[in-house]
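Quantities reported herein were computed from a predicted structural model and do not represent experimental measurements. These values consider heavy atoms only, across backbone and side chains, with no hydrogens, waters or symmetry-generated copies.
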Amino acid sequence: MELLTLVLLLAIAVLVSAVIDRVVPRVSLPLIQVAMGVIIALFARGTIDINLEPDVFLVLFIAPLLYLEAKDADKALLWRNKKPILSLAIGLVIVTTLIIGFVLNAIVPSISLAAAFALGAALGPTDAVAVTSLSKQVSIPERLWGILKGELLLNDASGIVSFQFAIAAAATGTFSLLDASADFVIEFIGGLIFGAVLGYAANWILRRIRDIGIESTTFHVLYEICIPFVVYLFADAIHVSGIIAVVVAGLVNVIAPRTTSPNIAHMNIVSSSVWDVISFTLNGIVFVLLGTQIPTAMLYTWQDNTISNGMLILLILLTTATLLLVRFVWCTVMEYVHTRSGNERFNKHNFKNALLITLCGAKGTITLSILFTIPIFMSTGTRFPERNLILFIGCGVILCTLLIATFVVPLVAPKRESKKSEIEARENYFECLADIHRNVIEELAASQKPTNSRATRAVIKMYQNRISDTKEFMDWDDEPNIKLRIQTLEWECEHAEKLIEEGRVDRDIGHEYIGRLEKIEGIIDHGGRKLSPRRILSVLRHIVFRARNMLLKLLPDSRISDRTAEMRDLQRETTAFVIDKLHEAVASSQVPTEDASKLLLDYERTLSNLRSNATSVTTQFQIADDVDDIKRLAYQLELEQIQKMYEQDRISRQEARNMRDNVFLMQMDLEDKI
């Protein structure tokens with residue numbers, strides 16, 4: 001029961017942190033999750049005990065996270081920056097391990113040299129999750145970002161392997177540089193070979209399974225999720241580096257099929273979604289776990305009379321400063337070598353690049369995961385010396401680097417352009433909109449089945465037309481355009497009321513149509529209109545007629561067809577009326593010509609569609625049933641893609657809202673059957 005409570009608390013904390021991250025974008029998500037962990041520890045203190053086996057923690061958290069990082073890595077970018085990446089991922093990790101180890105052992109002799117090396121190795125890997133959250137405020141150059149991502153991927157393996165050797169030496173009390181070097185080479189090379197072999201073997205097994213007719217998406221996704229765990233456990237069983245084997249399997253990425261088909265596309269879409277959830281959850285849980293460990297680890301050490309509290313703070317600051325200084329010197333030399341290889345002069349820009357790479361080296365998920373694996377007892381049965389102090393220093397350094405990455409990096413990195421020219425903003429908006437439509441088409445094609453292929457093709461064609469018509473027909477919702485659109489809806493309402501009074505339109509149908517127009521107006525205006533008595537009456541009337549319409553759908557098709565035909569006739573009448581009013585407004589210069597022209601094109605296209613679809617309504621109802629179902633799915637997919645674009649910071653909040661409004665209008669039009 002305690003484990004279940006812990007899992008629920010961690011999951012809730014991760015969910016709450018995601019919400020807070022959207023509300024407070026200037027604070028990085030890892031810091032928020034750490035704070036959530038501290039809250040859990042304070043309120044659940046004494047009732048929940050977190051004690052994970054080191055090996056279990058590595059395989060449960062590190063293996064899938066590293067596999068995903070390797071799987072999604074830009075191989076071309078990694079290859080272009082291979083020299084600085086290898087320099088940071090291997091050379092810097094080793095140097096950091098040695099320098100921090102010697103410095104810490106000299107200051108606190110009770111921490112053995114091997115244990116100090118272990119802390120230095122744990123502080124080697126960087127955490128790009130913290131840096132990724134900075135993209136909301138800063139713009140990291142592509143070359144530097146590629147170096148940081150490559151370093152993250154490779155220095156995890158080198159840091160963990162170095163840590164394991166240091167811990168083994170600290171736990172046994174013996175260490176041989178020659179033996180350690182030989183073991184390191186065996187583990188490293190063995191991990192490379194074994195990871196590649198297992199990766200290709202997994203691909204061969206998957207092809208054989210497909211040959212016998214198993215194309216289940218569920219099977220495929222579950223199979224791929226199992227790969228990092230299986231690779232790690234098998235590699236560990238034969239005493240080669242499981243971490244390196246997992247990274248190689250991810251880089252090879254042989255699980256992804258090389259052929260293309262709707263089924264394969266669907267599998268890839270589902271697989272990507274599942275891995276997104278796994279990655280977010282595991283990263284979040286580890287940072288929350290960091291927060292839960294801080295009060296316990298720090299409180300125990302803080303109350304230890306053998307070392308003063310001032311000395312504890314000084315140790316954290318000194319370790320952080322040493323870490324950053326070593327990294328800065330290394331990055332400066334790296335930038336100097338880069339400029340010399342390109343026959344360029346080392347200038348302030350290169351110096352700033354070195355400083356940026358240094359400050360972006362925040363510690364987090366991997367460092368904490370490594371620190372958790374420090375054994376409580378050594379092989380002799382005695383407690384690991386100064387384990388709590390090492391955890392205290394490690395947690396403090398993680399917090400310091402996260403704070404620096406969150407609040408100092410924005411002062412150094414190039415600012416993200418907050419304002420774009422109108423032309424650039426329009427181009428970005430339409431480019432993102434076209435990408436959204438393309439993604440919807442891809443997902444629809446992946447979900448296509450023989451039973452709905454005709455309807456799916458029809459909806460796909462609709463989205464293809466939307467892509468081609470985006471720049472021509474998509475309204476740019478600035479303030480004058482919104483006012484004009486609301487004015488045209490009011491013209492429609494007035495004309496519909498006039499037709500009702502003259503008896504040319506059935507009262508029930510007319511008021512239902514007016515209610516629909518009121519609803520559209522509310523979506524466009526985002527609730528900006530005051531809730532007048534007329535509007536309240538209109539809303540209530542719309543609810544009544546909507547309920548009546550649902551009852552009418554239970555009657556024979558002839559009644560539905562007649563009602564739909566009358567509604568379509570009314571829409572044609574009001575649309576033609578608005579077109580005339582817009583022509584008059586343009587002629588008298590009452591409205592901006594550009595905005596009125598856009599709306600005229602929209603209304604004229606709508607009128608053309610209404611006139612061309614005026615016949616065979618009953619037949620259209622029978623054909624449209626499947627199409628309507630596919631449209632509902634497509635609109636939901638489009639909303640998901642809009643949210644993804646917003647989370648990736650490709651569109652602003654206002655642009656996302658405008659896109660959603662257009663989808664809501666299409667959904668409403670679909671449900672109203674007009």
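- Taking the side chain as every heavy atom from C-beta outward, Asn353 and Cys331 never approach each other to under 4.5 Å.
- Nearest heavy-atom pair, Ala70 versus Leu251, reported as atom, atom and distance to 0.1 Å: CB-N, 3.6 Å.
- The CG atom of Leu104 sits 6.5 Å away from atom CG of Leu315, with the distance rounded to the nearest 0.5 Å.
- Atom OG of residue Ser241 and atom CD1 of residue Ile189 lie 11.0 Å apart, to the nearest 0.5 angstrom.
- Thr358 places a side-chain N or O within donor-acceptor distance of the main-chain N or O of Ala354, the cut-off being under 3.5 Å.
- The backbone N or O of Ser17 lies less than 3.5 Å from no partner atom in the side chain of Asp21, so there is not a single donor-acceptor pair.
- For the side-chain contact (heavy atoms from CB on, under 4.5 Å) test, residues two or more places apart in sequence or in another chain that qualify with Trp79 are Lys82.
- Atom CD1 of Ile642 and atom CD1 of Ile436 lie 5.0 Å apart (nearest 0.5 Å).
- Counting all heavy atoms, side chain and backbone alike, Ser279 lies closest to Leu68 at CB-CD2, 3.1 Å.
- Inter-residue side-chain proximity for Ile227 and Val246 is flagged as unmet; no heavy-atom pair is nearer than 4.5 Å.
- Residues passing the salt bridge (charged side-chain N to carboxylate O under 4.0 Å, His left out) test with Arg143, sequence neighbours excluded: Glu335.
- Applying the ring-ring contact (aromatic ring centres under 6.0 Å, His included) criterion to Tyr635, with sequence neighbours excluded, gives no partner residue.
- In this structure, Ile357 and Met334 have side chains that are in contact, with non-hydrogen atoms separated by less than 4.5 Å.
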Exercise for the section: Show the numbers, then the answer: is there a side-chain contact (heavy atoms from CB on, under 4.5 Å) between Ile209 and Phe219? Expected result: CA-CA 10 Å; Ile209 291 174; Phe219 176 86; 3.4 Å; yes
Practice task
Just do the side-chain contact (heavy atoms from CB on, under 4.5 Å) check on Ile404 and Leu324 with the steps written out, would you?
Solution key: CA-CA 11 Å; Ile404 291 172; Leu324 294 178; 3.6 Å; yes
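- Residues passing the ring-ring contact (aromatic ring centres under 6.0 Å, His included) test with Phe117 are Phe102, sequence neighbours excluded.
- Nearest approach of Gly146 to Ile85, heavy atoms of both residues: O-CD1, 3.9 Å.
- Scanning for side-chain hydrogen bond (donor to acceptor under 3.5 Å, both in side chains) contacts around Trp275 gives an empty result, with sequence neighbours left out.
- Within the model, atoms CD of Gln33 and CD1 of Ile20 stand 10.0 Å from one another, a figure rounded to the nearest 0.5 Å.
- Between Ile205 and Tyr223, some side-chain heavy-atom pair lies under the 4.5 Å cut-off.
- You'll find the side chain of Thr401 stays beyond 4.5 Å of the side chain of Leu123, heavy atoms only.
- With Val274 as reference, Ile278 is the one residue of Val277, Ile278, Asp276 to meet the side chain to side chain contact (heavy atoms under 4.5 Å, CB included) rule.
- For the pair Asn283 and Leu65, the minimum side-chain heavy-atom distance is below 4.5 Å.
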Handout entry: Test side-chain contact (heavy atoms from CB on, under 4.5 Å) applied to Met659 and Met645, step by step
Key = CA-CA 11 Å; Met659 292 181 181; Met645 286 282 183; over 6 Å; no
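- Minimum interatomic distance between Gly242 and Tyr232 (heavy atoms only, all atoms of both residues): C-CD1, 3.5 Å.
- For the atom pair CG (Leu371) and CD1 (Ile390), the distance works out to 8.5 Å, reported to the nearest 0.5 Å.
- Partner Phe287 forms a side chain to side chain contact (heavy atoms under 4.5 Å, CB included) with one of Leu402, Val14, Leu31, Ile32 and no other, that one being Leu402.
- Here the closest non-hydrogen pair linking Val231 and Leu198 is CA-CD1, 3.7 Å.
- For Phe280 against Ala18, the heavy-atom pair with the smallest separation is CZ-CB, 3.7 Å.
- Using a 4.5 Å heavy-atom cutoff, the side chains of Phe163 and Thr97 are not in contact.
- Within 6.0 Å of atom CZ in Phe234, 12 or fewer heavy atoms from other residues, nucleotides or ligands are found, so the atom counts as exposed in its surroundings.
- Taking CG of Leu119 as the reference point, atom CD1 of Ile374 lies at 7.5 Å (rounded to 0.5 Å).
- Partners of Ile238 according to the side-chain contact (heavy atoms from CB on, under 4.5 Å) rule, which considers only residues two or more places apart in sequence or in another chain, are Phe194, Val240.
- Using a 4.5 Å heavy-atom cutoff, the side chains of Glu638 and Arg660 are not in contact.
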